[in-house]
Amino acid sequence: MLTPEAWMAQLQTALRDRLGGAARAWLDEALDEAAAEARATARAAAEADAATRAAAEVDAATRGAATPAEAAGPRDPASSSVPALSYTAYAPPVWEMRFASAGRHCTRREPPHARDREAAEAARILLLHTARADARTVTRLYEHGTAAERRAVLMALPHLDLGPSARPLVEDALRTNDTRLVAAAVGPYAARHLDAHTWRHAVLKCLFTGVPVTAVAGLAERARGDTELAHMLTAYARERTAAYRPVPADLQRVLDLTAPSASTAPLASPFPSDSSPAPTSTPTSAPAPPFQPPLGP
C-alpha cells in the first residue's frame with residue numbers, strides 16, 4: 001500500500017501529465033503558495049507553543065506545579081490555536097482562492113483544451129494536503145464551496161491529520177441526495193471515524209441513492225458479524241418487496257458480508273428471485289486518485 005506522501009506524489013505526476021502547459025504553470029504556483037502557507041503557519045504555531053510553555057514554566061514555578069508540561073495542559077494537534085496565517089475576515093489565503101478557481105484553470109493538454117473536472121478535483125486535493133489544512137479550514141471551504149469543492153474536501157480527508165474533527169462534514173454529505181458527495185463521504189475517513197449507527201445508515205444511503213457499495217471503504221471489515229446491519233438490510237428489502245419496488249442488487253452482497261466469518265455460507269435472501277450476488281472483494285485501502293495515472297510517459 002502506498003504511503004500518503006507517495007500517493008500524493010503519484011497523483012501530482014499523473015495530474016501534471018494530464019494538464020496543458022498553462023494549467024501546469026498554474027498548478028505549480030498554487031502548490032508553492034499552499035506550501036508557503038503551511039510553513040508560515042507551522043512557524044507561527046511553534047512560536048505560540050513556545051510562548052505557552054514559557055508562560056507555563058513561570059506559572060509552574062509560581063504555583064509549584066509538578067512540571068511545566070502539566071501546567072500547560074494537553075495539546076490537541078487536530079485543533080490548532082493558530083489560524084491560517086494569511087486569513088482575515090475579508091481575504092482568505094491565496095491558496096484558498098486557487099482552490100476555488102481550480103475548475104477554471106485545470107484544462108486538458110489535448111485540443112480543444114477543455115476544462116477537466118477530475119483534474120480540478122485532483123488539484124484541490126493536492127492543495128489541501130500541501131497546505132496541511134486544519135479542521136477550521138476544511139470546514140470553511142466545505143461550507144462555502146460548490147458541490148465540486150465539497151467533494152474535493154471529502155476526498156482529501158483521509159490524507160489530512162484531522163482526527164474525528166471533520167466528521168460533521170461527512171455526516172452533512174450523507175444527508176444530501178448528491179450521489180457524488182455520498183460516494184466521497186463513505187471513503188476511508190468514514191470507515192475510521194463514523195460510529196456504528198451512522199456508518200450503518202451510510203451503507204443504507206448508498207443503497208437508497210444507487211451509489212455502488214464498492215465506494216464504501218472497509219465494508220467487509222465493518223460489516224462482518226454486524227447483526228444490526230443485517231436486520232436493517234432485511235427490513236429494507238422486505239419493505240421494497242411489499243411495495244412491488246425493485247431491491248438494489250448490492251443489498252444481498254452486503255447482507256452476505258454481515259455473516260460472522262468469511263467461511264460462513266451466504267445468508268438466505270430476504271426477497272424473492274434475487275440474482276447471484278456480486279463478488280465480495282471490497283477495496284479497503286486509500287481511495288484511488290480521481291483518475292488513474294498513465295501507464296507510460
Side-chain angles (χ1 to χ4, degrees), residues 2-9 12 28-100 124-145 149-150 152-173 187-196 198 286:
L2 291 175
T3 65
E5 294 298 332
W7 191 87
M8 285 294 165
Q12 184 173 350
D28 291 341
E29 291 177 3
L31 292 177
D32 286 346
E33 290 161 355
E37 183 75 17
R39 290 192 297 269
T41 302
R43 284 196 301 269
E47 292 169 0
D49 190 57
T52 299
R53 292 188 177 278
E57 290 177 358
V58 174
D59 188 60
T62 303
R63 296 188 306 167
T67 65
E70 290 178 3
R75 183 179 180 86
D76 182 4
S79 57
S80 171
S81 61
V82 180
L85 195 63
S86 62
Y87 179 79
T88 70
Y90 304 101
V94 176
W95 77 265
E96 291 188 24
M97 293 187 282
R98 300 275 196 177
F99 179 91
R124 289 175 173 132
I125 293 171
L126 286 168
L127 284 171
L128 288 166
H129 180 264
T130 303
R132 300 294 189 263
D134 60 14
R136 284 179 294 188
T137 299
V138 297
T139 299
R140 182 172 64 252
L141 292 173
Y142 180 90
E143 291 178 346
H144 297 286
E149 291 165 25
R150 291 184 172 198
V153 169
L154 294 169
M155 293 290 288
L157 291 181
H159 309 290
L160 303 174
D161 186 18
L162 300 177
S165 60
R167 190 167 54 199
L169 306 185
V170 173
E171 294 169 350
D172 177 82
Y189 186 86
R192 287 197 296 267
H193 296 295
L194 287 187
D195 60 77
T198 306

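With a 4.5 Å cut-off on side-chain heavy atoms, Glu5 and His129 count as touching. Side-chain atoms of Glu33 and Pro93, non-hydrogen and from C-beta on, never get closer than 4.5 Å to each other. His193 places none of its side-chain heavy atoms less than 4.5 Å from the side chain of Val170.
Aromatic ring pairs are classed by plane angle as parallel below 30°, tilted from 30° to 60° and perpendicular above 60°; the pair His159 and Trp7 is parallel.
In terms of modelled atom types and a separation under 3.5 Å, the side chain of Arg150 and the main chain of Ala173 share no donor-acceptor contact. With Tyr189 contributing its side chain and Ala166 its backbone, the two residues share a donor-acceptor pair below 3.5 Å. Within the 3.5 Å criterion, the main-chain N or O of Ala152 finds no donor-acceptor partner in the side chain of Tyr142.
Once rounded to the nearest 0.5 Å, the distance linking CH2 of Trp95 with CG of Asp32 reads 14.5 Å. Glu96 contributes atom CD, which lies 5.5 Å from atom OG1 of Thr137 (distance to the nearest 0.5 angstrom). Between the CG atom in Asp134 and the CZ atom in Arg140 there is a gap of 7.5 Å [rounded to 0.5 Å].
Of all heavy-atom pairs spanning Arg132 and Ala38, the tightest one is CG-CB, 4.1 Å. The two residues Ala135 and Leu162 make their nearest non-hydrogen contact at N-CD2, 3.5 Å. Between Leu169 and Val153, the closest heavy-atom pair is CD1-CG1, 4.1 Å.
For the side chain to side chain contact (heavy atoms under 4.5 Å, CB included) criterion with Phe99, the lone passing option out of Ile125, Leu126, Leu141 is Leu141.
With sequence neighbours left out, the salt bridge (charged side-chain N to carboxylate O under 4.0 Å, His left out) criterion links Glu29 to Arg98.
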